[in-house]
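So the structure is just underneath, and the comments pick up after that.
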Protein chains: 2
Amino acid sequence: MASRTIENYLKQIYLSRPADETQWLTMGKLSAAVGVTPGTATSMVRAISDAHLVEYEPRAGVRLTPAGEQLALHVLRRHRLIELLLVQVLGLDWSEVHEEAEELEHVVSDRLLARIDEILQHPAFDPHGDPIPTAGGVVRSQDCCTLLDCPLGSPTNIARILDQSADFLQYVNQCGLLPGADIRVASRNHQAQTVELLVIKRGENHVVAISFAVAEKFLVQMYDRKK
Amino acid sequence: MASRTIENYLKQIYLSRPADETQWLTMGKLSAAVGVTPGTATSMVRAISDAHLVEYEPRAGVRLTPAGEQLALHVLRRHRLIELLLVQVLGLDWSEVHEEAEELEHVVSDRLLARIDEILQHPAFDPHGDPIPTAGGVVRSQDCCTLLDCPLGSPTNIARILDQSADFLQYVNQCGLLPGADIRVASRNHQAQTVELLVIKRGENHVVAISFAVAEKFLVQMYDRKK
DNA sequence: TAATTAACTTTGCTTGCTCAAAATCAATTG
DNA sequence: CAATTGATTTTGAGCAAGCAAAGTTAATTA
């Protein structure tokens with residue numbers, strides 16, 4: 001069995017993997033994601049590679065093997081199901097659950113996880129809109145784009161929020177930009193680097209302005225995901 | 001913060017402490033309870049004693065300080081609230097929850113614990129009838145005796161089950177000896193070392209025979225705890 | 001009292017994970 | 001092409017926790 005340290009490395013390797021599948025994840029990025037010094041990451045990755053969960057190429061980086069990816073997805077499944085349970089059943093605030101799940105994901109048994117999945121009726125997304133991998137390790141991907149490159153004017157709704165720090169999520173909550181919220185991108189100002197949004201909240205229209213950097217943290221869907 | 005190893009040692013020291021408060025818990029018993037070799041227990045206890053959570057007297061044994069006891073009770077509170085949550089809210093079988101809680105008890109935050117306590121409406125007992133210490137570290141003790149020394153014939157009900165291994169609890173479940181069950185001790189046979197019980201289950205009387213050793217694993221109350 | 005025994009402690013070693021600092025490599029820049 | 005820079009790897013060390021086996025101590029038996 002993989003230690004909780006190894007589970008964490010695998011999860012981070014998965015989450016930080018470069019968009020281009022042929023690319024390797026560098027040790028610098030991995031060590032930052034895991035929160036250890038680069039040297040530590042190198043030696044841990046060497047060890048994990050001995051267990052055939054990753055491929056490691058010195059000075060190039062690291063990449064998950066199919067076995068490693070399955071394990072990473074399993075951890076991610078636990079994490080996301082737990083988050084949803086904490087929000088929907090235990091009534092925690094969604095800004096708190098990420099931290100909590102970070103610990104719990106390493107100790108819930110398969111049996112308990114199956115019960116959670118059942119109680120939540122086999123959900124496909126966690127409270128932040130992240131897809132929950134199936135028990136078989138399949139990720140049902142959404143067809144999304146960020147608030148930076150989605151079409152202007154057309155109505156859409158928020159699918160996913162990529163920054164899960166408590167502070168940020170509290171702000172998100174406050175201006176009604178939760179997953180599922182109906183919005184429209186009113187305008188983009190490339191000089192000011194801002195995006196203006198129309199948020200439909202309790203029938204009323206609100207205007208919210210965010211920077212390009214923040215706009216990239218929101219994914220929206222082309223077609224309404226509720227149907 | 002105390003590591004999960006230290007939390008475990010403190011919990012076991014509390015649970016295995018001798019009935020007589022002036023006595024020390026020996027290293028032999030502790031090492032067996034924690035599941036390590038005696039030498040390991042000795043050196044861990046030395047370390048925990050440096051943190052002033054226990055008193056340690058070489059060749060005599062170990063005993064919790066007030067600070068250590070508070071921490072032990074806190075761990076126990078987490079353990080027992082989690083067990084109850086798993087049974088009542090998540091619908092796990094009560095024979096499974098001990099193992100599960102053994103892991104979870106070290107990772108649930110105070111905030112989550114408070115929510116669990118609220119959802120369960122500040123319960124006083126876990127599914128096995130063990131008392132749940134308050135957030136302030138107070139144990140509300142019950143007035144109990146075992147099926148070995150309770151009076152013959154008089155109606156009573158099961159308050160607590162001391163053996164929490166899955167196999168045993170499945171048997172307990174099967175013959176209806178759950179906490180709260182209405183029973184009477186019909187007879188004791190000192191030659192055969194057995195106790196005969198009358199179990200009132202769905203209006204009907206059932207006869208169950210158990211050995212003295214098993215009888216000691218059940219605590220019953222003098223007065224009906226339901227009122 | 002001396003010998004035996006059981007419980008406990010000490011010692012030395014291992015594993016897993018980490019860091020700091022030194023060494024190395026690769027990719028620019030001058 | 002040499003020098004500098006930035007990223008990466010190696011080295012040496014430390015800490016927490018564990019085991020096995022050798023050494024002590026105290027209590028019991030003879």
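Just so we're on the same page: letters track the sequence lines, and every chain starts at 1.
With sequence neighbours left out, Arg77(B) forms a side chain to side chain donor-acceptor pair (under 3.5 Å) with Asp117(B). With sequence neighbours excluded, the residues that form a side chain to side chain donor-acceptor pair (under 3.5 Å) with Glu100(B) are Ser109(A). Gln12(B) pairs by the side chain to side chain donor-acceptor pair (under 3.5 Å) definition with nothing, not counting sequence neighbours. Under the rule for a side chain to side chain donor-acceptor pair (under 3.5 Å), the partners of Glu118(B) that lie at least two apart in sequence or sit in another chain are Arg115(B). Residues passing the salt bridge (Lys or Arg N to Asp or Glu O under 4.0 Å) test with Glu83(A), sequence neighbours excluded: none.
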Taking distance alone, no hydrogens or angles, what donor-acceptor pairs closer than 3.5 Å link side-chain atoms of residues 132-139 of chain A to residues at least two apart or in another chain?
| unit_1 | atom_1 | unit_2 | atom_2 | d |
| --- | --- | --- | --- | --- |
| Thr134(A) | OG1 | Gly136(A) | N | 3.3 |
| Thr134(A) | OG1 | Gly137(A) | N | 3.3 |
| Thr134(A) | OG1 | Val138(A) | N | 3.0 |

Which donor-acceptor pairs under 3.5 Å do side chains of residues 164-174 of chain B form with protein atoms, sequence neighbours excluded?
| unit_1 | atom_1 | unit_2 | atom_2 | d |
| --- | --- | --- | --- | --- |
| Gln164(B) | OE1 | His98(B) | ND1 | 3.2 |
| Gln164(B) | OE1 | His128(B) | ND1 | 3.4 |
| Gln164(B) | NE2 | Asp130(B) | OD2 | 2.4 |
| Ser165(B) | OG | Asp163(B) | OD1 | 3.0 |
| Gln170(B) | NE2 | Ser95(B) | OG | 3.1 |

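Test Val54(A), Asn8(A), Leu53(A), Val34(A) against Ile13(A) for side-chain contact (heavy atoms from CB on, under 4.5 Å) and you get one pass: Val54(A). Applying the side chain to side chain donor-acceptor pair (under 3.5 Å) test between His106(A) and each of Arg4(A), Lys11(A), Glu7(A), His79(A) identifies Glu7(A) as the sole match.
Within a heavy-atom distance below 4.0 Å of DNA chain C, the residues of residues 12-27 of chain B found are Thr26(B), Met27(B). The stretch residues 30-52 of chain B comes close to DNA chain C through Pro38(B), Gly39(B), Thr42(B), Arg46(B), each having a heavy atom under 4.0 Å from the strand.
With a heavy-atom cut-off of 4.0 Å to chain A, the contacted part of DNA chain C has its first and last nucleotide at dC17(C) to dC25(C).
Atoms CZ (Arg4(A)) and P (dA17(D)) sit 13 Å apart, rounded to a whole Å.
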Can you tabulate the close N/O pairs, meaning under 3.5 Å, that link protein atoms to atoms of nucleotides 23-27 of chain D?
| unit_1 | atom_1 | unit_2 | atom_2 | d |
| --- | --- | --- | --- | --- |
| dT24(D) | O2 | Arg59(B) | NH1 | 3.4 |

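Taking only side-chain nitrogens and oxygens, Tyr9(B) never comes nearer than 4.0 Å to OP1 or OP2 of dA16(D).
When every heavy atom of Leu81(B) is checked against every heavy atom of Leu120(B), the shortest pair comes out as O-CD1, 3.8 Å. Residues Ile119(B) and Val89(A) share a closest heavy-atom pair of CD1-O, 3.8 Å.
Contacts classified as side-chain hydrogen bond (donor to acceptor under 3.5 Å, both in side chains) and involving residues 33-58 of chain A (residues at least two apart or in different chains) are given here: Thr37(A)-Thr40(A).
The line from NZ of Lys29(A) to CG of Leu25(A) is 7.5 Å long, rounded to the nearest 0.5 Å.
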